[in-house]
There are 2 protein chains.
Amino acid sequence: MGVLEQPAAPAPAPYLRIAAELRARIASGEIRAGEKVPSVRQIAQEWGIATATAGKVLSVLRAEGLVSAVPGVGTVVGTATGPPPGRPDGAPRTLTRDHIVRTAVALADVHGAAALSMRALAAELGVPPMALYRHVPGKGELVALMADAAFAECGLTGRAPAGWRGRLEAAARHQWALYRRHPWLAGAGLPPAAAGLMEWAMAPALRRGLEPAAVARTAAAVTGYVRGMAVSLADGPDAAALDAAFAFGLARLLDGLAVYVEQHTGGT
Amino acid sequence: MGVLEQPAAPAPAPYLRIAAELRARIASGEIRAGEKVPSVRQIAQEWGIATATAGKVLSVLRAEGLVSAVPGVGTVVGTATGPPPGRPDGAPRTLTRDHIVRTAVALADVHGAAALSMRALAAELGVPPMALYRHVPGKGELVALMADAAFAECGLTGRAPAGWRGRLEAAARHQWALYRRHPWLAGAGLPPAAAGLMEWAMAPALRRGLEPAAVARTAAAVTGYVRGMAVSLADGPDAAALDAAFAFGLARLLDGLAVYVEQHTGGT
DNA sequence: ACCTGAACACCGTTCAAGT
DNA sequence: ACCTGAACACCGTTCAAGT
């Protein structure tokens, strides 16, 4: 039923997915030749994976010749012998909406929402500002496309929990991870892809017989909770403390929902 | 202990408080002579009070000669014989930080956060833009002051619930009401006055023996929940549906917290 | 027809010139 | 000393002028 209910293709392993994301950042010019890619430690922290997995990410990119380890510095884009392959400098790929959106996401990720202007984005892409308007109606629509693209990143790799609670928790944690990765996202409005995620999340509860109105309210409450914690995160304060508060509050919210679901559905 | 624990002065009745707010809007120039003040129905809806109470609000202002009922139109600022008393036109009161902040709040309430610019605010106040900077360091600080002023509006009129759950629910609903009244507020960051509200909210739980770390996480989770629902509200969609979802989610969250508090404190 | 440079109507804020 | 006009470095977007 839900758009995410039956993944069209098997989800890639996390390290491959993250490697693909870094590859996209390099391709979009967000990380340039000679600049450092995130360290193993940074990757592990940013995506919430083990350092061993993070190490595999960099191995993949090194094996491709896209990055190389520079002792005492870190892992940088390109090899000692020249710029990275795949996009010879000065050959500007034809501008597409997708490329614009991905570059905008990268720009906002790195420099913050305030730094995302149509003019700065155009400069990043090496095109005149007005060129963007042939692919995107305006900045508002661009931000909506960015949010949709971010939510469409499939990060639900493991098999989907069958129970309503496991499914809802997985969706909430996925949403949280997206907000951690894209600090501008919580302020961007919920895109259609977010509705898809919630549809996926609520499918077991719906099957269990929870009435549609309660399903809708549950989805709104959980989504709102995650988003509220994310905007608080964007305020600036201690991220670690909020991570703990997020997990705590989510557990309490799910506990409370469990009581309700018990009372309002057939049984186990 | 909390700043709101022992109110310095007895809280005014709701209709007096709302009358004061409308009076401030008129004084600040947000509602000008000849323009309509909110109708009984609008007041009842905006502040979540009965229409009978809303009627008393307008009675107060009418008795003061500040507004008058115009049949077929509504209640408008001023009397049939001239402009409202209290601020003769052309006599600009001396600019103060407080006046700037209150006018900014009124401007953002009516025209939205996007319409709040230093230049527009200065125009509203009838001063050159740079005059604002002698009272406020910059726009960011102004918004922070606005948020603090909004949170400092005391709306917790009834006597404070003694139980942890009633207190927390009252604080959450108060915060929700603030966000309903000031749609820009959820996007403005949590000001010091919000921490005061949470301190007040969590005092009974703390007295009950809930450990400080759990108290902090609970406060962050509830505040985040309310704020997340409020930013979703600001997205634009059906406010009535979100009101219901807010109440639903809050009840579930408090239920889940109840289980936790039961297990982690002494007893009743 | 397609593309885009110049222009318009804004911003927040600096700073030097006014009183 | 206090105040503020002009200016600076931005914005998003319109539109007419270029190819």
Side-chain angles (χ1 to χ4, degrees), chain A residues 90-149 183-185 187-189 191 234-236, chain B residues 90-149 183-185 187-189 191 234-236:
Chain A
R93 65 166 79 192
T94 53
L95 198 61
T96 64
R97 169 182 277 208
D98 189 69
H99 188 212
I100 290 171
V101 171
R102 281 191 300 114
T103 305
V105 167
L107 206 158
D109 284 352
V110 176
H111 297 107
L116 180 72
S117 72
M118 296 300 271
R119 295 168 117 109
L121 176 57
E124 183 78 24
L125 287 161
V127 300
M130 289 316 296
L132 303 177
Y133 287 85
R134 296 192 308 110
H135 298 90
V136 154
K139 189 180 180 183
E141 291 84 353
L142 171 64
V143 172
L145 289 169
M146 289 167 63
D148 210 48
W184 50 271
L185 185 56
D235 278 353
Chain B
R93 65 167 79 193
T94 53
L95 198 60
T96 63
R97 169 182 279 208
D98 191 67
H99 187 213
I100 290 171
V101 171
R102 280 192 299 114
T103 306
V105 166
L107 207 158
D109 284 352
V110 176
H111 296 109
L116 179 73
S117 72
M118 297 299 273
R119 294 169 118 110
L121 176 58
E124 183 79 24
L125 288 162
V127 299
M130 291 315 298
L132 303 178
Y133 287 85
R134 294 192 311 110
H135 298 90
V136 152
K139 189 180 179 180
E141 291 84 354
L142 171 64
V143 172
L145 289 168
M146 290 166 63
D148 211 48
W184 50 271
L185 184 55
D235 278 356

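So you know, we letter chains A, B, ... as the sequences are listed, proteins then strands, and number each from 1. On a predicted model such as this, the values are computed, not experimentally measured, just so you know.
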Now, which nucleotide makes the Watson-Crick or G-U wobble pair with D:dT4, with each of the two distances under 3.5 Å?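 WC or wobble partner is C:dA16.
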
Using purine N1 to pyrimidine N3 plus N6-O4 or O6-N4 for Watson-Crick, or N1-O2 and O6-N3 for G-U wobble, each under 3.5 Å, what pairs with C:dA9? none

Please examine the side chains of B:H99 and B:T94, heavy atoms only from C-beta on, and report whether any two atoms are closer than 4.5 Å.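 No, every pair of side-chain atoms sits at 4.5 Å or beyond.
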
Please report, rounded to the nearest Å, how far the [atom2] atom of [N] is from the [atom1] atom of [X].
X      : N      : atom1 : atom2 : result
B:K139 : C:dT13 : NZ    : C1'   : 12 Å
A:L116 : D:dC11 : CG    : P     : 10 Å
A:H111 : D:dC11 : NE2   : P     : 13 Å
B:L95  : D:dT4  : CG    : C1'   : 13 Å
B:L121 : C:dT13 : CG    : P     : 12 Å
A:M118 : C:dC10 : CE    : C1'   : 16 Å
B:R119 : C:dC10 : CZ    : P     : 10 Å

Quick one: does A:R97's side chain have a donor or acceptor within less than 3.5 Å of a partner on A:H135's backbone? yes

Result of checking A:L145, A:L121, A:V143 against A:V136 for side chain to side chain contact (heavy atoms under 4.5 Å, CB included):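 Result: among A:L145, A:L121, A:V143, A:L145 is the only option passing the side chain to side chain contact (heavy atoms under 4.5 Å, CB included) with A:V136.
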
Which part of the nucleic acid does A:M130 contact within heavy-atom distance under 4.0 Å: base, sugar-phosphate only, or nothing?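 Counting heavy atoms under 4.0 Å across all strands, the contact made by A:M130 includes a base.
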
For the CE atom of A:M130 and the CZ atom of A:R119, what is their distance to the nearest 0.5 Å? 9.5 Å

Between the CG atom in A:L116 and the CG atom in A:L107, the distance rounded to the nearest 0.5 Å is 6.0 Å

Between C:dG12 and D:dT14 - C1' atom distance, rounded Å: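 Approximately 23 Å lies between the C1' atom of D:dT14 and that of C:dG12.
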
Given C:dT4, D:dT13, C:dG12, identify the nucleotide with an atom nearest to the side chain of A:R134.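 Between C:dT4, D:dT13, C:dG12, the one nearest the side chain of A:R134 would be C:dT4.
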
Please determine if a side-chain N or O atom of B:Y133 lies less than 4.0 Å away from the OP1 or OP2 oxygen of C:dT13.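 Checking B:Y133 against C:dT13: at least one side-chain N or O falls below 4.0 Å of OP1 or OP2.
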
Mapping B:G140 and A:P129 onto DNA chain C by nearest heavy atom, which one lands closer to the 5' end?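 On the 5' side of the pair lies A:P129.
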
